[in-house]
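Structure first, then comments.
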Amino acid sequence: MGTDLRSVVETVGSLSTSDHKSVVSITLFVTLLCACIVIGHLLEESRWINESITALIIGLGTGVVILLLSGGKNTHLFVFSEDLFFIYLLPPIIFNAGFQVKKKQFFRNFATIMMFGAIGTLVSFTIISLGAIAIFDEMDLGLEIGDYLAIGAIFAATDSVCTLQVLCQDETPLLYSLVFGEGVVNDATSVVLFNAIQDFDLTRINSTIALQLIGNFIYLFISSTVLGVFLGLLSAYIIKKLYFGRHSTDREVAIMMLMAYLSYMSAELFYLSGILTVFFCGIVMSHYTWHNVTQNSRVTTKHTFATMSFVAETFIFLYVGIDTLDIEKWRVVSDSPRTSVEVSAILLGLILVGRAAFVFPLSFLSNFNKSPREKIDFKQQITIWWAGLMRGAVSMALAYNQFTRAGHTQLRGNAIMITSTITVVLFSTVVCGLITKPLVRFLMPSSKELNRSLSSEPVTPKSFSVPLLASQDSDSELFNGTGQASGANGDQVPAVHPIGLRMLLTTPTRTVHYYWRKFDDAFMRPVFGGRGFVPYVPGSPTEQSLHQWPAEEVKD
């Protein structure tokens, strides 16, 4: 009896100690997040430092302090967890990206984005994997064929999170849509490849297995996209039919947030790509669902999604920075620091070559049958190549999944790969991130004015209160009832007959987008709602007096 009582007391004591450690960790992270926000605000005008690099540096500094306070011992207070990253941190970032992306710019370049994101990732994966097999096999790291292929998938994954920090959607909409859109598809492709590598028996690679890998990727991509679109439309239909705003705007906001997260978890439940699912769910919800809620809910959801994404991004870079100095992995490779440096340098070289191998050739193919102003010029290609060199938390998460068990490893080869991944992530994020902004300004000094003139999205304050990411969606918004073009304030201006690219951007033509717009107005919006197709229901008595519908948005 005494023994049982003693064991119970020891168990309770260990639980309380564990809880206290969790409280310490959470308190420290909240404090560091506040510090990142304050310092990021003070460095807002810096042309070199961005918030991701700031968080990474603060995380590294915190890791040094923890290491010194622990006397150089491994406390495992902070251990990188791929589950924490993929389940809790990545979904709000990717969803908000789809929710905020300029849809016309994204879908106008959809073919190029898919070539870069899917075909380009396969090219990069192949080059990195073959390079790893040829070079690392001679270094006797104790890796197997599955590890080499996993390395290709790990380092083919670009850091779409960091891209959000170094490129501006308003200043360089074309580059932003290409690099970020490619990054989302790239991350999804890399994760699919990584999971396929773990599922298949790679000891006997043949044409059948290769075809199965390709077929599995196509199935996952299509299924994930369809699931995201379906759940986005379901959320729009539910909110449109039930009119939550009549009683509570809180319910509207809650159902939008939960349906967004449900899209990601549903994809993971069915072993699909949660990244693609939640991204396309965000696009659909911004086009239909967001217009079905009250004005208060629109403002709330817009800022809620953006805030959650911002906090998750900052948390990730803090997390990576602190875990970088986990002494256990560095102790395992302490007897061969030269090998670790060589591996890191080789991986960086393979990343450079792998990205160049598809950016420039695929850009050349993408420029066929395009007008000179639509083509991706050489300076833009260099920027796309450089901005996509950053490797981040996706690479870290996949590396930990492949080469550790619960964040720990004692195998020399695995420890070298983990420390090399950390080195590559730190170097590419800091160096490439620091140089990207000045590079864009150097290569395209007038990119802000030029791209705004080419972009079809409005840059006036109206874009906040009308569609989140949309621009003109119907012929009636382009021309008033007299057949003359409408000005910014609804006034009549002489009709202009544009030519070339300008015509494609402003005047409806017989294109895929034109027919989709007709189908959307005739069938989709009447069923699922959207701008101009949902009767206004005030969320509160005061809102009704404050709310005014723009005349051109009212449709019967």
Exercise for the section: Check whether any side-chain heavy atom of F523 sits under 4.5 Å from a side-chain heavy atom of D520, and report yes or no. Expected result: no
Problem - CG-CD1 distance between L272 and I222, expressed to the nearest 0.5 angstrom - result: 12.0 Å
Problem - Side chain to side chain, Y288 and R525, heavy atoms closer than 4.5 Å - result: yes
Considering only distance and modelled atom types, tabulate donor-acceptor pairs under 3.5 Å from the side chains of residues 113-121, sequence neighbours left out.
| unit_1 | atom_1 | unit_2 | atom_2 | d |
| --- | --- | --- | --- | --- |
| T121 | OG1 | G117 | O | 2.4 |
| T121 | OG1 | N186 | ND2 | 3.0 |

Handout entry: Side-chain heavy atoms of V284 within contact of F528, under 4.5 Å
Key = no
Practice task
Take the angle between the ring planes of W385 and F360 and call it parallel below 30°, perpendicular above 60°, tilted in between.
Solution key: tilted
Problem - Which residues share a side chain to side chain contact (heavy atoms under 4.5 Å, CB included) with V343, sequence neighbours left out - result: F136, M139, L141, T339, L347, I416, M417, S420
Problem - Short side-chain to backbone donor-acceptor contact, N195 and V192, under 3.5 Å - result: no
Exercise for the section: Could you grab the distance from atom CD1 of I145 to atom CD1 of I133, nearest 0.5 Å is fine? Expected result: 4.0 Å
Practice task
Taking the side chain as every heavy atom from C-beta outward, state whether F305 and P92 have any pair of such atoms under 4.5 Å apart.
Solution key: no
Handout entry: More than 12 heavy atoms from other groups under 6.0 Å of CZ on F230
Key = no
Handout entry: Minimum heavy-atom distance between A153 and L193, given as atom pair plus value
Key = CB-CB, 4.3 Å
Handout entry: Inter- and intrachain pairs under salt bridge (charged side-chain N to carboxylate O under 4.0 Å, His left out), touching residues 347-360, at least two apart
Key = E182-R355
Side-chain donor-acceptor pairs of residues 122-132 under 3.5 Å, sequence neighbours excluded:
| unit_1 | atom_1 | unit_2 | atom_2 | d |
| --- | --- | --- | --- | --- |
| T126 | OG1 | L122 | O | 2.8 |
| S129 | OG | F125 | O | 2.8 |

Exercise for the section: Please answer whether the main-chain N or O of L220 pairs with a side-chain N or O of S223 as donor and acceptor at a distance below 3.5 Å. Expected result: no
Problem - Approximate separation, where rounding is to 0.5 Å, of C36 SG and L56 CG - result: 10.0 Å
Completion exercise
Heavy atoms of I93 and S309 approach each other most closely as CA-OG, 3.6 Å
Practice task
Dump the intermediate steps for side-chain contact (heavy atoms from CB on, under 4.5 Å) on L231 and S266, then the final yes or no.
Solution key: CA-CA 9 Å; L231 290 175; S266 298; 4.1 Å; yes
Handout entry: Heavy-atom closest contact (G146 atom, Q402 atom, distance)
Key = O-NE2, 4.2 Å
Exercise for the section: Verify, without hydrogens or angle tests, whether Q381 (side chain) and I376 (backbone) share a donor-acceptor contact under 3.5 angstrom. Expected result: yes
Exercise for the section: For D377 and Q380, indicate whether the former's side chain and the latter's backbone hold a donor-acceptor pair under 3.5 Å. Expected result: yes
Problem - Donor-acceptor pair, side chain of R391 and main chain of V425, under 3.5 angstrom - result: no
Handout entry: Side-chain heavy atoms of Y261 within contact of I87, under 4.5 Å
Key = yes
Problem - Flag side-chain contact, heavy atom, 4.5 Å: F279 against T225 - result: no
Completion exercise
Heavy-atom closest pair (E268 atom, G274 atom, distance to 0.1 Å) is OE2-N, 3.4 Å
Problem - Interatomic distance, I382 atom CD1 to L443 atom CG [nearest 0.5 angstrom] - result: 6.0 Å
Practice task
Work out which heavy atom in S344 is nearest to a heavy atom in V424; give both atom names and the distance.
Solution key: O-CG2, 3.9 Å
Exercise for the section: Answer whether the closest heavy-atom distance between the side chains of T54 and F317 falls below 4.5 Å. Expected result: no
Fill in the blank from the handout: Residue pairs passing the side-chain hydrogen bond (donor to acceptor under 3.5 Å, both in side chains) test with at least one member in residues 271-284, sequence neighbours excluded, are none
Practice task
Calculate, to the nearest 0.5 Å, the distance between atoms CD1 and CG belonging to I316 and L89 respectively.
Solution key: 5.0 Å
Exercise for the section: Evaluate the side-chain contact (heavy atoms from CB on, under 4.5 Å) criterion for residues T423 and V341: first the C-alpha distance (whole Å), next the side-chain angles of each, then the deciding distance (0.1 Å), finally the verdict. Expected result: CA-CA 9 Å; T423 304; V341 173; over 6 Å; no
Handout entry: Nearest-0.5 Å distance, CZ of residue F403 to CG of residue L398
Key = 10.5 Å
Handout entry: Derivation and outcome, side-chain contact (heavy atoms from CB on, under 4.5 Å), residues S428 and L389
Key = CA-CA 7 Å; S428 63; L389 293 176; 5.6 Å; no
Fill in the blank from the handout: Smallest heavy-atom separation, G98 atom then V101 atom, equals O-CG1, 3.4 Å
Exercise for the section: Quick one: do M524 and F519 satisfy side-chain contact (heavy atoms from CB on, under 4.5 Å)? Show the steps, please. Expected result: CA-CA 7 Å; M524 299 297 289; F519 174 78; 3.5 Å; yes
Exercise for the section: Identify, with sequence neighbours excluded, every residue that meets side-chain hydrogen bond (donor to acceptor under 3.5 Å, both in side chains) alongside S395. Expected result: none
Exercise for the section: Keeping the roles fixed (side chain from N401, backbone from A397), state whether a donor-acceptor pair exists under 3.5 Å. Expected result: no
Practice task
Answer yes or no: is there a side-chain heavy-atom contact under 4.5 Å between M396 and F85?
Solution key: no
Handout entry: F221 and F280 aromatic ring geometry - parallel, tilted or perpendicular at 30°/60° bounds
Key = perpendicular
Practice task
Output, in order, the C-alpha distance, side-chain angles, deciding distance and verdict of ring pair (Phe, Tyr, Trp, His ring centres under 6.0 Å) for Y264 and F95.
Solution key: CA-CA 9 Å; Y264 185 89; F95 174 81; over 10 Å; no
